Each structure stands twice: as C-alpha cells, then as structure tokens.
Amino acid sequence: MIERRPVLDFVSHAVLILGVLVIAFPVYVAFVASTQTAAQITGSNPLSLLPGGNIYNSYYLALMGGKVAAGGTIPPGWPMLWVSFVTAMGIALGKIAISLLSAFAIVYFRFPFRGLVFWMIFITLMLPVEVRIGPTYQVVSDLKMLNSYAGLTVPLIASATATFLFRQFFLTVPDELAEAARMDGAGPMRFFVDILLPLSKTTMAALFVIQFIYGWNQYLWPLIATTSEDMYPIVLGIKRAIFGEIYVEWNVVMATAILAMIPPAIVVILMQKWFVKGLVDTEK
Amino acid sequence: MEKRVRFKSAWLPWVLVAPQMAIVLVFFFWPAGQALYQSVLQEDAFGTSREFVGLENFRRLWEDPSYVDSFYTTALFSVLVAVIGICVALLLAVMANRVVRGAAIYKTLLIWPYAVAPVVAGVLWLMMFASPWGVVSYTLQALGYDWNHLLSGRDAMALIVMASVWKQISYNFLFFLAGLQSVPSSVIEAATIDGASPWKRFWSIVFPLLSPTTFFLLVMNVIYAFFDTFAIVDAATQGGPGKDTSILVYKVYYDGFKALDMGGSAAQSVVLMAVVILLTVFQFRFVEKKVQY
C-alpha cells in the first residue's frame, strides 16, 4: 500500500466481496436445490433459497441410483466417479511420465532429427482434440479402444504442454550437476533418476494438479468414445440426467453436479501454490 | 538456449522419446492427416462408397448459410466471452492486488471455478435461468423482462456467454494478478510522489505494463471460447434455438456425429485447424516481441 485511501480500500473490498458472491451464487443455488425434492423445486415459484430437508435422499440417489417417484430410474453415480478418477489419474500420470522422458532426451542428448522430433511434439500444442474429433474417433475405433480406459486416456495424452514445461525446467538446471555426475561415472539414466527427478518434484506436482483437472473435466471426448454406461465419467452422467428423462429430477442432477465438482475443487484449493506455479509457467 | 553438457548414446534418446512419439504419431498426426484427407472426399452415410471431390466440401461449406452463420455466432460469442471475462477479471485482480487484509482468502475464493467442469458450469447456469422457477429468470420476469432462452436466440447467447465467462474468470484473474505483482513498486512510488492519482497511475503505468498479459489472455480466451465451451453449449442450449448458439465446434460434432456428414465435418475441422494455427502463430510472434518490452 503506497498511500492511505480509506474510500478506495472500502471500494476494493466491496468489489471483491461482490465478485466472490456472484461467483459463489450459482453453486449455492445448486446446493440448495440438491437439498430439496424434485417436486419442491419445480413446484416453487421462484426456487426457495433456503435448504430443504431432502439432502440425504438426493445424494443417496445420485450416488447409488434407484427409482424415483416420477417413474424414471437414476443410474448410480459412484461408478462414474470412479471412471472419472481413473481417467484423470491416467491422463495426469501418463502425460508426466512420457513428457519427462522425452524432455530429458531433447535437452540432454544430441541425436539425428532432434529438431524434427522437437517440432513434431510441439506442434501438438496448437491443436486440441476437439479439432480432429471425427478422425480421432475413427482411429480409436479401428484400434478397438472404444469403451476402455485406454481409449479415454491415451488420445488426450497426445499433447505437449507437459513436455514444454519440463524442457523449460531442465534448461534452468545448472550444467555443473550433469558434469559432476558424469565425472563420478554416472550414466545418463543414473543422472536422470538420482538428480533430475528429485529436482523436478515441484514441477511434477504443479503439472499433476493441472492435468488431473483437465482429465476430470473432459466432456466431448468421452461423449463420443464411450457408448457403454459403465464407462461414463461423471460429467456425462450429468448431461444424461438432464436430457435422457422426460421429467428432470433437478435435485439429483444438482447433487451429481456438486459431487462432480468436489474432487477437482479440493485438488485446486489444497494444492493452490503448485497449481498457480504450473499454470503461469506452462502458458507463458 | 542449449546445454553445454550432453550425454552420448546412439540409441538411448530414441528409447526416451519413443513413447511420446508413438502416441503423437498415432493419436495426433494420423487423425490430423485423416482430417485433411477426408476433407477432400465425399462419403455416403454408411461409408460404403467414397470419391475424391477436391475442394468441393469446402465450397459447399461457404455456400451453406448455416456454416457462415456459425462463423458469425462463434465470432460474436468469443468476442463477448473474451472481452467481458478479461474486463471483470482485471477489475477483480486490481482490487485484490490493492487490499492487504484478506488477500489470500479472496484469491482462494476467486480461483476455484477453474476446477469446475464446463458441463457443470452449463448446468448450473441453465438452472438459474430455468423458467419459471429459476432464481434469475424469475427475478427478470418480476422486473418485466420476459426471459426465454428456448425461444430467443439472444437470451440463449447471453446464457452461454455468462456460463463461459463465469468459468473462465479464475484463469484470467490469476494471470492478471501475477502480472500486477511483477510491476516494480519503485515506479508506482515515484508516480505517487509526483502526485499521480491511483486512476492516472493505473492507466499510464500499470495498464501498459499489463498489455502483454492482456494480449496473451485475449488469445487464450478466444481459443477457450472456440473449443472448451463445447460442453457449456451442449448442456445449456444444444446449439439452439434453431442454430443461434451453434458455435463451430458444436457444428463439427453435430454434422459429423449426428448428421453423419464426415466429409463436411472434416472440412470444418480443417478450417478450425487453420484458425487455431493462425492464432498461435500470431501469439508466438507477439511473445517474441514481448521479451524486449
């Protein structure tokens, strides 16, 4: 703070509080809706902003599934949460593993076509899977990978954000470390495992947070790569609950939305420091 | 930047890059090549016959009024999302950078929407505007505005813009905050001593220093609006009413997977790829200039 300006301080706090309230409001409404019954929600005009007494029932239905009064059946949400979890872990860990290796090769070795390999990996930064969605579907289908964890994860690993970040990081590691390792007679893999990996821990943690959220929130790819219900991630469950039924059970939909939101939100809030570092480093 | 110290091995680097190269070749270059190849083929819906039609698919696209409309829709949508999202985030970041007390709490409360899946954002906003019981649509009704995103294209567009901006604010906020924190305080102090008001200081010192960040965010927000908002559109409006919110990515999906026009969908993919490559090249050139500013 450079000078005292009480009025401006007051305005700052007011704007920030207003911003926080606007951002939190939709989630509050979703939570309130998830504590009411479906009839209470659609029958009220407008929706009551006070929590109702149906919280247990809504979340039980969202997690375990079951029949509802209007006649439809709600599919259980916990297998979808599991699919989301496995997919997000697979994408995060898979990307980190292959990117560490290729960034190590690109930074620490000189080999023929190194430039070509570098550019072939980096051009993938430009085109998200959404752009080549049709042909990617055909490739995955030809490889018989639809409705499998491999089909859900591997095509999304084919992007170079992590490789880029590790390369940037390796370039800042002092040359003396590699030199010393070589003088001590350590081979490249020894140097990689004993020196480079421990140094990269923070970068790995940062990337893990970003990639886990990226994987958890994927929508278009699972939408076309899965047709079997037991391979639906939770985000698809939400859509199905809205459009599949004649009568939308809003309380269950909102309970499912809250459940789908909690794991990535926990990851962001608990690992805030790393997440911010990774985000600002990757993109710039 | 290059390393002075290198390891020597004829085969090891190849083994190291092999996993990533394999995945990139199979799941990136192969489909990207297929998209290019299919964009010049005409295929019937069952895939039984295909013929080479040259640029016919592209010509059909430009003659298809719904595709041209989709371009306008996407342009309008991305400009709204980028401009509103950047302005709101900048305001919040400047305020958050000013306050001393509670700064960490504000930051945490403002960044968590990053974790929300776009489809969840779409559903949350859809419910706020559900008629007649949605909290916001009811309020609008009471104020005399007849909200109906199922009939009015403008309301539907407003709905997906709001949901998309809401989801993107945390991202913009973080970058602006990082940018603001790197503004040297000595410069601000000097200006203050010279009697510059906070308003004047912001526009003549801080904002010019933030311009690289703003430009970067402009590109990233346009890319976000192009691709990551598919789930928001699909959950909130499904491209409707009519085709009023059918952005380009939604149309690629719809034409390819619902209308089964693979050639047309592939041609659209190729156009999209060209747009992204242009944006990225633009950004890289800018990033290079930025180094000297």
Side-chain angles (χ1 to χ4, degrees), chain A residues 1-3 8 12-13 15-16 19-20 23 26 29-30 42 44-47 98 101-102 104-105 107-111 117 120-121 124 126-128 130-132 134-136 139 154-155 157-158 171 175 178-179 188 213 217 219-220 224 235 238-239 257 260-261 264-265 268-269 276 279-280, chain B residues 1 3-7 12-13 16-17 19-20 23-24 27-28 30-32 34-35 92 95-96 98-100 106 108-110 112-120 123-125 128 132-133 135 138 174 178 188-189 192 198 227 230-231 235 249 256-257 262 265-266 269 272-273 276-277 280:
Chain A
M1 196 54 57
I2 288 172
E3 81 265 65
L8 206 53
S12 303
H13 282 283
V15 169
L16 285 168
V20 167
I23 284 185
V29 175
T42 45
S44 60
N45 196 4
L47 178 75
I98 63 166
L101 295 177
S102 56
F104 176 54
V107 173
Y108 281 95
F109 290 86
R110 184 169 289 145
F111 53 99
V117 167
M120 281 177 75
I121 293 174
T124 63
M126 290 188 188
L127 300 176
E130 284 80 3
V131 173
R132 53 203 149 83
T136 305
V139 168
V154 182
I157 294 178
L171 288 174
D175 281 347
E179 219 161 328
I213 294 162
N217 290 349
Y219 178 79
L220 178 55
I224 63 168
V235 289
I238 295 168
K239 180 198 160 144
M261 217 179 323
V268 162
I269 290 169
V276 173
L279 194 68
V280 177
Chain B
M1 205 154 96
K3 284 270 175 201
R4 256 185 317 112
V5 185
R6 285 162 189 281
F7 294 102
L12 189 58
L16 293 170
V17 295
Q20 180 143 28
I23 290 178
V24 165
F27 296 100
F28 183 86
W30 186 6
Q34 279 285 317
L92 290 172
M95 297 303 166
R98 260 192 65 83
V99 302
V100 180
Y106 286 128
T108 305
L109 290 174
L110 287 169
W112 64 266
Y114 180 86
V116 177
V119 65
V120 173
V123 171
L124 293 188
W125 284 86
M128 307 250 288
W133 49 269
V135 181
Y138 176 85
L174 277 174
I188 306 285
E189 275 160 26
T192 314
F227 301 107
F230 171 86
V249 174
F257 288 89
M262 276 301 178
S265 174
S269 289
L272 266 181
M273 284 190 212
V276 190
I277 288 174
T280 316

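Chain A is the first sequence line, chain B the second, and so forth, proteins listed ahead of strands; every chain is numbered from 1. Quick caveat, the model's predicted, so the values are computed rather than measured.
With a 4.5 angstrom heavy-atom cutoff, Tyr114(B) touches chain A via backbone and side-chain atoms both. Residue Ala266(B): no heavy atom, backbone or side chain, is found under 4.5 Å from chain A. Residue contact with chain A, scored on non-hydrogen atoms closer than 4.5 Å, involves the backbone and the side chain of Val123(B) alike. For Val154(A), the parts lying near chain B are the backbone and the side chain together; criterion is any non-hydrogen pair under 4.5 Å. If you measure heavy-atom distances from Ile224(A) to chain B, the contacts under 4.5 Å come from the side chain alone. Contact annotation for Met128(B): only side-chain heavy atoms (C-beta onward) come within less than 4.5 Å of a heavy atom of chain A. The part of Ile269(A) that comes within reach of chain B is its side chain, from C-beta onward, which places non-hydrogen atoms under 4.5 angstrom from that chain. With a 4.5 Å cut-off on non-hydrogen atoms, Leu12(B) touches chain A through its side chain but not through its backbone. Only the side chain of Tyr219(A) has a heavy atom closer than 4.5 Å to any heavy atom of chain B. For Thr108(B), the parts sitting under 4.5 Å from any heavy atom of chain A are the backbone and the side chain alike. Heavy-atom distances place the side chain of Ile213(A), and not its backbone, under 4.5 Å from chain B. Within the 4.5 angstrom heavy-atom criterion, only side-chain atoms of Tyr138(B), from C-beta onward, approach chain A.
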message = Show, in sequence, the C-alpha distance, side-chain angles and deciding distance for Val29(A) and Leu124(B), and conclude whether the side chain to side chain contact (heavy atoms under 4.5 Å, CB included) test is met.
response = CA-CA 8 Å; Val29(A) 175; Leu124(B) 293 188; over 6 Å; no
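Ile98(A) approaches Gln20(B) most closely through the heavy-atom pair O-OE1, 3.7 Å. Taking all atoms of both residues into account, the shortest heavy-atom contact from Ser12(A) to Arg98(B) is OG-NE, 3.1 Å. In terms of heavy atoms, Pro113(B) sits closest to Leu109(B) at CD-O, 4.4 Å. Shown here for Pro31(B) and Pro135(A), the closest heavy-atom pair between the two residues is O-CB, 3.2 Å. Considering every non-hydrogen atom in both Tyr108(A) and Ala178(A), the closest pair reads CE2-CB, 4.0 Å.
Taking the side chain as every heavy atom from C-beta outward, Leu92(B) and Tyr106(B) never approach each other to under 4.5 Å.
Of the listed residues Leu272(B), Val116(B), Leu174(B), the one with more heavy-atom pairs under 4.5 angstrom with chain A than any other is Val116(B). Comparing Phe257(B), Phe27(B), Trp133(B) by how many heavy-atom pairs each has under 4.5 Å with chain A, the most go to Trp133(B). Per-residue heavy-atom pair counts under 4.5 Å with chain A were compared for Ala231(B), Ala32(B), Ser265(B), and the maximum is reached by Ala231(B). Between chain A and the residues Ala96(B), Gly256(B), Pro118(B), the largest count of heavy-atom pairs under 4.5 Å involves Ala96(B). Taking chain B as the reference chain and counting heavy-atom pairs below 4.5 Å, the highest number among Ala105(A), Ala257(A), Pro188(A) is found for Pro188(A). With chain B as the partner, the residue from Val268(A), Thr136(A), Val235(A), Leu16(A) showing the most heavy-atom pairs under 4.5 Å is Leu16(A).
Results of the side chain to side chain contact (heavy atoms under 4.5 Å, CB included) test with Phe28(B) over Val139(A), Thr124(A), Ile121(A) single out Thr124(A) as the only residue that passes.
The side chain to side chain contact (heavy atoms under 4.5 Å, CB included) check on Leu101(A) picks up Phe192(A), Leu16(B), Pro19(B), with sequence neighbours excluded.
The structure places CE of Met261(A) at 10.5 Å from CG of Asn217(A), a figure rounded to the nearest 0.5 Å.
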